[in-house]
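Okay, so here's the structure we're looking at.
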Amino acid sequence: MRKDLQDFYSFLSEELKCENNGFYVIKEKKDSTIRHITIKKYGNFFVLKQEDGFKTGLFKEAISSCDFIVVSYDKVYFVELKFVSDNTKYNNDTNPLDKALEQCKSSQLLFDYLCSAYNLQKSVNLNFENKQFIYLYPGKAIEEKKSTNMNKNFPLIPKAVECNNNGYIELDLDFFQKIG
């Protein structure tokens, strides 16, 4: 990993890190279709996890956030996982794509704060201008209800992923780079 990325990663709280034996590991609820994602730790990037109901201690209520953030030397990917099954019911007011976008935007605010705090503390200018919001869902899921905001300018990119029967998926940095 590049030194500037390694220094920033070292600066961050252990609560955000998800390293495990050469992989970054993101675990979801047991009843989710996607339960376990591994991303091979190779190259100029790192992954940050965000637990359900992430709370910074600054707010009375939990902040909605995306599931994980992939930080590479040239782009930051904010990734939300959504799980759809044949019996999924949607509240007319809550669309999964709109909710995922809101979660990614909340995480972007937190990430921008972390970068600003790091830059101030270390007197550096680490800057991540290229950002992308990604919505991953199981490939065998039913057709998603489309966002009322969905058009070519909608900033969230939906992407189907295939997981095994146990809900496991293995990804790498190349997967994210090919999306955008």
Kindly write out the residues that satisfy salt bridge (Lys or Arg N to Asp or Glu O under 4.0 Å) with [X], not counting sequence neighbours, or none if the list is empty.
| X | result |
| --- | --- |
| Lys17 | Glu14 |
| Asp174 | Lys178 |
| Lys105 | none |

**Prompt:** Can you tell if the side chain of Leu110 reaches within under 4.5 Å of the side chain of Gln50, non-hydrogen atoms only?
**Reply:**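 Heavy-atom side-chain distance check passes, below 4.5 Å.
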**Prompt:** Does a side-chain heavy-atom distance below 4.5 Å link Ile37 with Leu81?
**Reply:** yes
**Tyr73, OH: over 12 other non-hydrogen atoms inside 6.0 angstrom** = no
Just say parallel, tilted or perpendicular for the rings of [X] and [Y], cut-offs at 30° and 60°.
| X | Y | value |
| --- | --- | --- |
| Phe176 | Tyr77 | tilted |
| Phe128 | Phe8 | tilted |
| Phe78 | Phe111 | perpendicular |

**Message:** Looking at Cys66, is its backbone amide N or carbonyl O close enough to the side chain of Ser107 to form a donor-acceptor pair, meaning the two atoms are under 3.5 Å apart?
**Reply:** yes
**Prompt:** Under 4.5 Å between side-chain heavy atoms, hopping through other hydrophobics if needed: is there a path connecting Tyr9 to Val79?
**Reply:**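 Per the 4.5 Å side-chain linkage, Tyr9 and Val79 are co-clustered.
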**Item:** Full working for ring pair (Phe, Tyr, Trp, His ring centres under 6.0 Å) between Tyr24 and Phe45
**Value:** CA-CA 11 Å; Tyr24 296 104; Phe45 78 101; 5.6 Å; yes
**Request:** Decide whether Ser106 and Glu102 meet the rule of one side-chain donor and one side-chain acceptor closer than 3.5 Å.
**Result:**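 Glu102 and Ser106 do not have a side-chain donor-acceptor pair below 3.5 Å.
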